[in-house]
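Presented below is the structure to which this report refers.
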Amino acid sequence: MEEERRDAESRLRMPGGWSAIAVALILVLGAVACVTIASRGFVRYKTFGGGDGLTATGSASCDFESDLIVWRGSFSAYGATTKEAYEIIKNDAEVVRKYLLDNGVSESELVFSSVDISQRYRTEYDENGNYIRDYPDGYDLYQSLTVTSTDLDKVELVSRDITKLIESGIEFSSYSPEYYCTRLDEVKLELIEKATDNARQRIDILVEGTGCRRGKLLTASLGVFQITATNSGSGEYTYDGAFDTRSRYKTATVTVRLNYASE
């Protein structure tokens with residue numbers, strides 16, 4: 001009996017005995033703890049991670065009419081000397097000014113630019129067509145004007161009918177009007193509000209369809225504004241956002257993306 005007891009005590013002190021069992025138990029418990037921590041972290045990521053949860057993109061658009069028009073024109077004159085050229089373009093500017101004032105454009109709406117001047121050269125060739133030299137041959141003067149007004153109909157009519165100016169001998173060029181909206185910031189704020197509400201409604205539909213609950217808002221992002229001519233379609237959209245100035249009637253569109261945690 002004594003010999004058997006000593007053998008049992010000897011086995012307990014052996015590396016493969018109770019000491020080994022204790023080490024194994026510690027390792028098992030540690031592994032369980034790691035799995036539990038990892039599982040909780042995974043659940044937290046799935047619940048609160050920005051890449052998951054409930055995500056929807058809302059959009060909003062509205063049509064509006066521009067309330068500001070900008071029209072530009074230019075004219076030029078030629079003279080053998082700078083003095084002659086200046087006299088011609090000064091006279092032309094007065095004719096243009098009178099024409100615009102007679103057609104309802106006010107002085108406060110009209111701005112003339114400074115005069116640009118460039119020297120004209122003529123190339124001389126010999127009888128065989130070989131180049132000889134370039135020599136001065138008078139001066140070209142250019143001047144532009146800008147009309148800015150809230151009376152769109154008036155300026156549109158003036159920009160389309162410059163026949164009298166051309167008939168008077170003035171080399172006048174008319175450019176397409178540009179249209180702007182002075183309350184564009186208000187339009188943008190309204191669109192952001194509507195697009196955000198639209199995205200939230202889509203989230204609520206997802207919640208009803210999946211049976212989960214909407215948690216806290218994780219991220220929200222705003223898309224670029226697309227301002228295009230009315231009825232032009234999405235073909236006018238650009239990556240950085242479109243901003244049409246050619247059309248009097250415009251459509252503004254924006255998107256808002258919301259990401260909520262799911263519970």
- cation_pi(K188, F225) dist<6.0 Å, angle<=45: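 Because its charged atom sits under 6.0 Å from the ring centre and within 45° of the axis, K188 does stack over F225.
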Any side-chain heavy atom of [X] sitting closer than 4.5 Å to one from [Y]?
| X | Y | answer |
| --- | --- | --- |
| L54 | V207 | yes |
| V105 | S149 | no |
| T219 | Y260 | no |
| Y121 | P136 | yes |
| Y99 | D161 | yes |
| L145 | V96 | yes |
| L184 | I227 | yes |
| I69 | T148 | no |

- What is the minimum heavy-atom distance between V254 and L222, and which atoms define it?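 The answer is CG2-CD1, 3.8 Å.
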May I ask you to decide whether [X] forms a salt bridge with [Y], counting only side-chain N to carboxylate O separations under 4.0 Å?
| X | Y | value |
| --- | --- | --- |
| E107 | R97 | yes |
| E109 | K154 | yes |
| D140 | R120 | yes |
| R248 | D153 | yes |
| R214 | D204 | yes |

- May I ask you to decide if the ring planes of Y180 and F243 are parallel, tilted or perpendicular, using 30° and 60° as cut-offs?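 The arrangement is tilted - the two ring planes meet at 30° to 60°.
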- Dump the intermediate steps for side-chain hydrogen bond (donor to acceptor under 3.5 Å, both in side chains) on S174 and W71, then the final yes or no. CA-CA 8 Å; S174 175; W71 172 61; 2.9 Å; yes
- Item | Atom pair CZ (F75) and CZ (F112), whose distance is rounded to the nearest 0.5 Å |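 F75 atom CZ to F112 atom CZ measures 5.0 Å (nearest 0.5 Å).
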- By side chain to side chain contact (heavy atoms under 4.5 Å, CB included), which residues pair with R72, not counting sequence neighbours?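 Here the qualifying residues are V70, T146, Y175, E178.
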- Given the rule in the side-chain hydrogen bond (donor to acceptor under 3.5 Å, both in side chains) test, do T182 and D67 qualify, once you have shown the distances and angles that lead to the verdict? CA-CA 7 Å; T182 58; D67 58 5; 2.6 Å; yes
